[in-house]
Each structure stands twice: as structure tokens, then as C-alpha cells.
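This report refers to the structure that appears directly beneath it.
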Amino acid sequence: MNGNTQQDSKPVRLVFELARADNPRLYDELVRFPKGGKRVNRLRVLAYDGLLVQYGIFAVDGARPVLASAGREVLASAGVTNDVFGPSLAE
């Protein structure tokens, strides 16, 4: 989505600590899930949805994302990016 993408993409590993005082909404959402894969997957979904909102593909209407009218031109390529968490092509 930007010019900073690398040709040889390597996995990004993040280890961070989040206190409730830092971001209460995010903390409360993540603490609902047990440690491990489910919590990590929820963080991935939240981050990806945030990117879609940031780039105008979704707009936030209350607590629910809706398709942004300005993002309709992007919808043709959205099918490709929406499969980012799908099964691997190398199966």
C-alpha cells in the first residue's frame, strides 16, 4: 500500500506489553481471549480493520465499520487484500 514495501518480505515478530492505563479499550478487548493464538488473531483483525479504515475502504459508523463511499474505487483490489489471512498458496 505504500512505497516502503520490501521485495523480499520477512515475517515481523512483535513482543510488547500493554497496560490497561495505556489503552483501556484495546486492553479490555484483548484480555477477553486466552493467551496465545486467539489473542494474537484478534489483534491481527483489529490492526487490519484499522488499516482499512485509515485507507478509506471502511468508514466507522458507531461501532461498526461500513463501506466508505470514497472507497468504492478500491473495492476491485480489496478482494486480494481481504484474503491476507486465508490459506497459504504453498499448500
Side-chain angles (χ1 to χ4, degrees):
M1 292 188 159
N2 62 33
N4 295 333
T5 58
Q6 297 178 356
Q7 292 291 349
D8 183 25
S9 61
K10 297 177 183 174
V12 175
R13 181 176 172 90
L14 301 174
V15 178
F16 69 98
E17 185 174 312
L18 177 68
R20 189 171 194 283
D22 297 333
N23 192 325
R25 283 185 180 172
L26 181 59
Y27 179 89
D28 290 345
E29 180 64 26
L30 294 176
V31 80
R32 294 181 339 151
F33 298 92
K35 291 180 182 178
K38 289 184 179 184
R39 189 178 288 176
V40 170
N41 285 335
R42 182 61 181 153
L43 184 58
R44 280 187 190 130
V45 168
L46 292 171
Y48 186 68
D49 286 351
L51 280 175
L52 293 177
V53 170
Q54 181 178 346
Y55 284 101
I57 296 172
F58 282 134
V60 179
D61 180 28
R64 303 177 75 161
V66 295
L67 285 177
S69 59
R72 294 194 183 177
E73 303 83 31
V74 183
L75 288 179
S77 63
V80 174
T81 58
N82 286 342
D83 288 335
V84 71
F85 297 115
S88 171
L89 294 175
E91 288 183 357

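Applying the side-chain contact (heavy atoms from CB on, under 4.5 Å) rule to L30 yields the partners L18, L26, R39, R42, L43, L46; only residues at least two apart in sequence or on another chain are considered. For R32, the side-chain hydrogen bond (donor to acceptor under 3.5 Å, both in side chains) partners are E29, not counting sequence neighbours. Judged as a salt bridge (Lys or Arg N to Asp or Glu O under 4.0 Å), and not counting sequence neighbours, D22 has no contacts. Legend: residues meeting side-chain hydrogen bond (donor to acceptor under 3.5 Å, both in side chains) with N41, ordered by chain and number and at least two apart, are R44.
Hydrophobic clustering (ILVMFWY, side-chain heavy atoms < 4.5 Å, transitive): V53 and Y48 are in one cluster.
By the 4.5 Å side-chain criterion applied to Ile, Leu, Val, Met, Phe, Trp and Tyr, L14 is assigned to a cluster that also includes V12.
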